[in-house]
Amino acid sequence: ANADQRDSNGDGFGNRCDPDFNGNGIVDPMDFSMIKPMLGQPGHPDQDLNGNGIVDPGDISITKSFLGKPPGPKGVIAP
């Protein structure tokens, strides 16, 4: 399956639109605390939001764009 279509945490939202890493229904500062330690690490499909194989600043930027919003396509501010 394509990385942007995979739902590796099983919550019904594909990884590309799901920065709610703690699964509480909203993207909040706790989600940042869960992605920051993974910066530069490959192999974390939940946190690799742009699907390039590594957790990088682009993934942090995508997480910021969802801050205060629910996960999923409706939470997206910009592609």
Side-chain angles (χ1 to χ4, degrees):
N2 190 324
D4 57 312
Q5 304 208 358
R6 203 168 36 182
D7 175 17
S8 55
N9 69 357
D11 67 355
F13 300 115
N15 292 344
R16 282 258 182 112
C17 59
D18 187 10
D20 177 23
F21 307 123
N22 62 6
N24 67 350
I26 193 159
V27 180
D28 59 22
M30 284 299 296
D31 299 307
F32 282 98
S33 71
M34 294 176 78
I35 191 173
K36 284 181 180 175
M38 296 182 178
L39 199 57
Q41 293 185 35
H44 293 280
D46 282 354
Q47 288 80 15
D48 179 21
L49 300 171
N50 60 13
N52 67 352
I54 192 165
V55 179
D56 61 15
D59 302 310
I60 302 262
S61 177
I62 292 168
T63 303
K64 282 183 183 173
S65 75
F66 276 89
L67 194 59
K69 299 191 177 311
K74 292 179 180 167
V76 178
I77 293 174

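Reckoned from all heavy atoms, side chains included, excluding hydrogens, waters and symmetry mates. Since we're looking at a predicted model, the values are computed, not measured.
- Expressed to the nearest 0.5 Å, how far CG of Asn50 lies from CG of Asp56 amounts to 4.5 Å.
- Minimum interatomic distance between Asp20 and Gly25 (heavy atoms only, all atoms of both residues): OD2-N, 2.8 Å.
- Placement of Ile60 and Val27 within a single hydrophobic cluster is found when ILVMFWY residues are connected by side-chain heavy-atom separations under 4.5 Å, directly or transitively.
- Proximity of a side-chain donor or acceptor of Asp7 to a complementary backbone N or O of Gly12 within less than 3.5 Å is detected.
- A donor-acceptor contact shorter than 3.5 Å links the side chain of Asn15 to the backbone of Ser8.
- Under a hydrophobic-cluster definition in which Ile, Leu, Val, Met, Phe, Trp and Tyr are linked whenever side-chain heavy atoms come within less than 4.5 Å, directly or via other members, Met38 and Ile54 are assigned to different clusters.
- Linking ILVMFWY side-chain heavy atoms closer than 4.5 Å, directly or via other members, places Phe66 and Met30 in two distinct hydrophobic clusters.
- For the pair Gln47 and Ile35, the tightest heavy-atom approach, listed with the atom from each and the gap, is O-CD1, 3.8 Å.
- Counting only distance, with no hydrogens or angles, the side chain of Ser61 and the backbone of Pro57 share no donor-acceptor pair below 3.5 Å.
- Closest non-hydrogen pair, Phe21 versus Asp46, comes out as CE2-O, 3.3 Å.
- To the nearest 0.5 Å, the span separating CG on Asp31 from OG1 on Thr63 amounts to 7.5 Å.
- One hydrophobic cluster, built from ILVMFWY side chains closer than 4.5 Å, cannot hold both Ile62 and Phe13; they sit in different ones.
- With Asp48 contributing its side chain and Asn52 its backbone, the two residues share a donor-acceptor pair below 3.5 Å.
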